[in-house]
Amino acid sequence: RSSDLGVMKEMEAEEKSEVSPRAIPTNRKIGEVIAVLKPEIRTLITTCNKMKVWIQLLIPRIEDGNNFGVSIQEDTLSEVTRLEGDTSSFLDHVSRYYVARGKLASKLLKYPTVEDYRIALDELDEKQYVALRLTLCEMRNIYSGLHDMIMKNLEKIKTPRTQRVESMY
């Protein structure tokens with residue numbers, strides 16, 4: 001009897017794991033793009049985080065005067081922080097897409113004769129593809145902007161204060 005019960009449980013598990021003939025599959029092409037893009041997004045977030053730490057460690061102690069370089073460091077730090085937040089939001093867009101697609105797919109399964117749900121699902125997929133392409137372009141812009149900002153201000157970021165020369169008088 002216990003072996004029959006085990007076989008029945010296995011059969012139930014197999015039935016649950018099989019895709020229903022009515023199931024709506026995920027958009028494979030968008031899934032492939034997301035699989036390539038997500039690690040790149042994580043890498044950019046990590047890069048921004050490392051840049052923040054690097055700049056924070058270079059900020060000298062607070063003193064009176066000669067703070068122009070420090071203000072450049074602080075401006076650069078706030079820009080890197082902003083870009084890190086923007087990049088993190090890219091990951092949120094991916095999860096929101098899957099939630100929205102799941103809701104539309106469940107409506108389509110519930111009301112298979114309503115063609116508008118099928119069209120809405122296709123439109124959502126197309127919109128997501130465009131959004132992923134824009135995300136990639138935006139990531140390119142972030143990398144380019146960070147490189148430009150760092151290279152133009154590298155000396156002030158590395159040594160924000162010029163060495164004070166003692167007066168000879």
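Using modelled atom types, one side-chain atom of N153 and one backbone atom of M149 make a donor-acceptor pair closer than 3.5 Å. With T159 contributing its side chain and K156 its backbone, the two residues share no donor-acceptor pair below 3.5 Å. Counting only distance, with no hydrogens or angles, the side chain of Q128 and the backbone of I30 share no donor-acceptor pair below 3.5 Å.
Other members of the cluster containing V36 do not exist, because no ILVMFWY side chain is joined to it at under 4.5 Å.
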Just do the side-chain contact (heavy atoms from CB on, under 4.5 Å) check on C48 and T81 with the steps written out, would you? CA-CA 7 Å; C48 287; T81 302; over 6 Å; no
Criterion side-chain contact (heavy atoms from CB on, under 4.5 Å) on L83 and Y143, from CA distance to verdict: CA-CA 10 Å; L83 293 173; Y143 274 119; over 6 Å; no
Apply the test side-chain contact (heavy atoms from CB on, under 4.5 Å) to residues I157 and W54: give CA-CA distance (whole Å), side-chain angles for both, the deciding distance (0.1 Å), then the verdict. CA-CA 10 Å; I157 291 172; W54 174 65; 3.7 Å; yes
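In this structure, L108 is a member of the same hydrophobic cluster as Y98, with clusters built from ILVMFWY side-chain heavy atoms closer than 4.5 Å. Hydrophobic clustering (side-chain heavy atoms under 4.5 Å, transitive across Ile, Leu, Val, Met, Phe, Trp, Tyr) keeps I119 apart from Y111. The hydrophobic cluster containing V94 does not contain L134, counting ILVMFWY residues as joined when their side-chain heavy atoms lie under 4.5 angstrom apart, directly or transitively. By the criterion of side-chain heavy atoms lying less than 4.5 angstrom apart, applied directly or through intervening Ile, Leu, Val, Met, Phe, Trp or Tyr residues, I72 is not grouped with V53; the two fall into different hydrophobic clusters.
Within the model, atoms OG of S88 and CZ of R42 stand 11.5 Å from one another, a figure rounded to the nearest 0.5 Å. Interatomic distance, CD of E74 versus OG1 of T76, reported as 10.0 Å (0.5 Å rounding). Taken to the nearest 0.5 Å, the CG atom of L91 stands 6.5 Å off from the NZ atom of K38.
Residue Q56 qualifies as enclosed at atom CD: its count of foreign heavy atoms under 6.0 Å is above 12.
For the salt bridge (charged side-chain N to carboxylate O under 4.0 Å, His left out) test, residues two or more places apart in sequence or in another chain that qualify with R82 are E79, D86. Applying the side-chain hydrogen bond (donor to acceptor under 3.5 Å, both in side chains) rule to D92 yields no partners; only residues at least two apart in sequence or on another chain are considered. Remark: M139 pairs with L37, E40, I41, L44, F90, T135 by the side-chain contact (heavy atoms from CB on, under 4.5 Å) rule, at least two apart or across chains.
Looking at Y97 and N27, their side chains come closer than 4.5 Å, going by heavy atoms from C-beta outward. Under the 4.5 Å side-chain criterion, counting only non-hydrogen atoms from C-beta, L136 is not in contact with V33.
Pairs engaging residues 47-56 under the salt bridge (charged side-chain N to carboxylate O under 4.0 Å, His left out) rule: K52-E84 [sequence neighbours left out]. Each salt bridge (charged side-chain N to carboxylate O under 4.0 Å, His left out) pair with one or both residues in residues 97-125, not counting sequence neighbours, appears once here: R101-D125.
V70 approaches P60 most closely through the heavy-atom pair CG2-CG, 3.7 Å. The minimum heavy-atom distance linking P39 with A35 is given by the pair CD-O, 3.1 Å.
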